[in-house]
Amino acid sequence: MAIKLFDSFSREIRELRNPDPNNPADVFSFYNCGLTVYASAHIGNFRTFVINDVLRRLLILEHGAGKVRYVRNLTDVDDKTIARAREEGRTLAEVTKEWTDKFHADCDKLNCLPMEAKFEPRATSYIKEQVDMIDVLMKKGNAYRAPDGSVYFKVSSFDHYGELSRVKERELKLGSALKTMAADADEKDDVSDFALWKAHKDEDGVNSWDSPWGRGRPGWHIECSAMSKALLGTTIDLHTGAVDLLFPHHENEIAQSECCNGQQFSRHWYHNEHLLVDGKKMSKSLGNYYTLDDLLAKGASPMAVRYALLSGHPRKQLNFTLDSLHAAESAIKTLREYRATLPAGTTGAHDTFGHVLAILQDDLNVPGALGAVFTLVNRKAGEADLASFDRVMFALGLDLKAAEPAKASAPANITALAEKRWAAKAAKDFASADALRKELTAAGWSMLDRKDGYSLEPLKK
RNA sequence: GGCGCGGUAGCCAAGUGGUAAGGCCGAGGUCUGCAAAACCUCUAUGCGCCGGUUCAAUUCCGGCCCGCGCCUCCA
């Protein structure tokens, strides 16, 4: 069956295109706007990437890995990356490499399928392609060079501008309009026009490239248009990102690409909603700004973070709280223990969990799918089979093995106490055993008795 | 002001024109010397408010209130 997904352009749930299984060249092309690599990604970023990862996994299950081409870019040149490099007295490449590596490590921990290097393009590796596109836009009359050497896209030259975000129905709030006008109003013919190429400024330092319009660097939007075209072709099947990219980023991409190529840019658009923390958008001033490391430092497991990020419908704002991590941790534990009860080696003939995938395929209803999983889990193994369960866990990207809590090794003094208690218990000296348990508790350790031995775990706060 | 998303139990969160999935927490119980785990049971006459349509609305329509996001380089 086809995967259905809300389309931001038509504002209805539509089926995604099925690639032709008999034509090796026909792949499902999928572009996901990636991260600007100047600092650690935060969990709001990861909500988007985890959601896209689930979508990617569903497509792979449906069509096979070879039929899905997923591109996610890295923005490695912009005001923020350049500013960071200047502040730290390092090269742009050094800064962006550091944060790219960090991003990859975090994605790994969250069990996102790895990117193929060539499908994770960096803006600075595609300068030529961007210049070429701008060149076409200049020649077609969709762009103009401003006195300072910057090149702007002429919004009035594209009749369909604003159809994605309904920008024509919007009224700019005075404050926003003033802010824009203050920035580069002198250079632009119209406040709506946006930069394709930014003339070199002193702050840019060595981070500029030659172009027919003088030295400078690409504007933000053009990189996605150019890299999408280079790797996926002029018309792609799906373009995704979080809601904040809907306008102006994606609107501008459509304008550039369609004016340049004369073809539809993307058949389908999908935008997930934001993650909120404590009911508000994350911000450092509110103190509700979390990176993955922040949560791991609080004792969360990466899988719990992933689960928590998936616990709301992707098209609804999700309010993330530390409590939701605890809930996720417990839920994953239940899934892990349930999995252990399933007989190994089953064939999947029953496909007990098949309808869960169907729920996921219906507009990526992750919470609905999780509910359906637990409904079955509560019925116990029964007819359930491991292959079917694992397929759903794969789709959700929940690696239950990775979710095993790390066994902290107890220090020698704790081990000694535990040994004494185990001996006391064996001797049926329960008074001593209880006293020793209290000592262990006071020292922050919990002793878990089994028939044949015991284990020690640090007490959770 | 415009555009968009939403308001469902203590918290989180699906869903449906026919009488409310699921997770967490909590309570009771079974079982273990204790503790933990596991297992069983229970937890919204109610789905922001007010009208309307209907045999029937949380679900459709209208109005209102409230929260959040975006409004030109934020995932």
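Every heavy atom of this structure was used, including side-chain atoms; hydrogens, water molecules and symmetry mates were not. Proteins come first, then strands; the chains are lettered A, B, ... in the order of their sequence lines, and each starts at number 1.
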A:R421/A:D434 under salt bridge (Lys or Arg N to Asp or Glu O under 4.0 Å): CA gap, chis, key distance, verdict: CA-CA 8 Å; A:R421 181 175 165 276; A:D434 288 351; 5.4 Å; no

Annotated protein contacts, base or backbone, on nucleotides 31-36 of chain B with a non-hydrogen cut-off under 4.0 Å, one of B, S, - each: --BBBS

ring-ring contact (aromatic ring centres under 6.0 Å, His included) partner of A:H239, the single match among A:F9, A:F30, A:Y270, A:F265: A:F265

Sugar-phosphate only, base, or nothing, as touched by A:T75 at under 4.0 Å among non-hydrogen atoms: nothing

A:F49-A:F103 aromatic ring centre distance below 6.0 Å: yes

A:Y38 six-ring face occupied by A:R84 cation (under 6.0 Å, within 45°): no

Side chain of A:Q317 (C-beta onward), nearest among B:rU72, B:rC68, B:rG23: B:rC68

Any A:D76 side-chain heavy atom under 4.5 Å of A:T81 side chain: no

Sugar-phosphate, base or nothing in reach of A:L318, heavy atoms under 4.0 Å: sugar-phosphate

Sugar-phosphate only, base, or nothing, as touched by A:E251 at under 4.0 Å among non-hydrogen atoms: nothing

Touch class at under 4.0 angstrom, heavy-atom based, for A:D323 against every strand present: nothing

Closest to the A:N319 side chain, choosing from B:rG69, B:rG15, B:rC12: B:rC12

Cation-pi, A:F394 ring and A:R57 (6.0 angstrom, 45 degrees): yes

A:S192: side chain to side chain donor-acceptor pair (under 3.5 Å) partners, not counting sequence neighbours: A:D190

Listed nucleotide nearest any side-chain atom of A:S311, set B:rC3, B:rC12, B:rA75: B:rC12

Side chain of A:K333 - closest among B:rA38, B:rA14, B:rC71: B:rA38

Duplex segments of RNA chain B, taken as runs of at least three Watson-Crick or G-U pairs that stay under 3.5 Å: B:1-7 with B:65-71, B:10-12 with B:22-24, B:26-30 with B:38-42, B:48-52 with B:60-64

From B:rC68, B:rC24, B:rC5, nucleotide with atom closest to A:A327 side chain: B:rC24

First encountered from the 5' end of RNA chain B, between A:G34 and A:P248: A:P248

